[in-house]
Amino acid sequence: MNLIMTILLISTILSTVLALVSFWLPQMNPDAEKLSPYECGFDPLGSARLPFSIRFFLIAILFLLFDLEIALLLPLPWGNQLPDPSHTLLWAALVLILLTLGLIYEWVQGGLEWAE
């Protein structure tokens with residue numbers, strides 16, 4: 001019981017100290033761009049019919065794809081505790097191989113180059 005209380009006390013103190021430091025440490029220099037609710041590179045008050053950058057859209061889709069990869073691989077540690085974890089590891093390896101091949105294809109095609 002004493003060990004559990006010590007661990008709880010240390011974790012509470014550490015999290016409180018880190019939370020307080022995170023509020024006091026950063027330097028706040030707000031400007032018009034940082035205070036804008038949109039960070040996508042175009043004026044939010046302008047016309048909605050302006051041409052949209054396909055490169056920005058492609059980077060956003062790639063980010064979502066690799067974010068989904070993390071969600072798919074998150075239950076992997078629990079799959080290792082199954083009686084036969086080889087199927088879980090096989091499917092995880094196939095997902096990683098497929099995403100790696102997709103990333104290589106995008107890289108070779110020049111889809112990751114922001115400016116030419």
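Taking hydrophobic clusters as Ile, Leu, Val, Met, Phe, Trp and Tyr residues chained together by side-chain heavy-atom distances below 4.5 Å, Leu65 shares a cluster with Trp107. Cluster annotation: Leu99 is connected to Leu62 through the hydrophobic network of ILVMFWY side chains, with a link wherever side-chain heavy atoms come within less than 4.5 Å. A continuous path of hydrophobic side-chain contacts links Leu25 to Val17 [ILVMFWY only; heavy atoms under 4.5 Å]. No continuous path of hydrophobic side-chain contacts links Leu64 to Val95 [ILVMFWY only; heavy atoms under 4.5 Å].
Leu94 has its side chain within reach of Trp91: a pair of non-hydrogen atoms, C-beta onward, lies under 4.5 Å apart.
Other residues, nucleotides and ligands contribute at most 12 non-hydrogen atoms within 6.0 Å of the CD1 atom of Ile4.
The structure places CG of Leu103 at 12.0 Å from CG of Leu96, a figure rounded to the nearest 0.5 Å. The line from CD1 of Ile7 to CG of Asn2 is 10.0 Å long, rounded to the nearest 0.5 Å. Residue Ile13 holds its CD1 atom at 4.0 Å from CG of Leu9, rounded to the nearest 0.5 Å.
Taking each heavy atom of Ser22 and Ala19 in turn, the nearest pair found is OG-O, 2.7 Å.
No option in Val21, Leu14, Thr16, Leu20 other than Leu14 meets the side chain to side chain contact (heavy atoms under 4.5 Å, CB included) test with Leu18.
Remark: Ser86 pairs with Asp84 by the side-chain hydrogen bond (donor to acceptor under 3.5 Å, both in side chains) rule, at least two apart or across chains.
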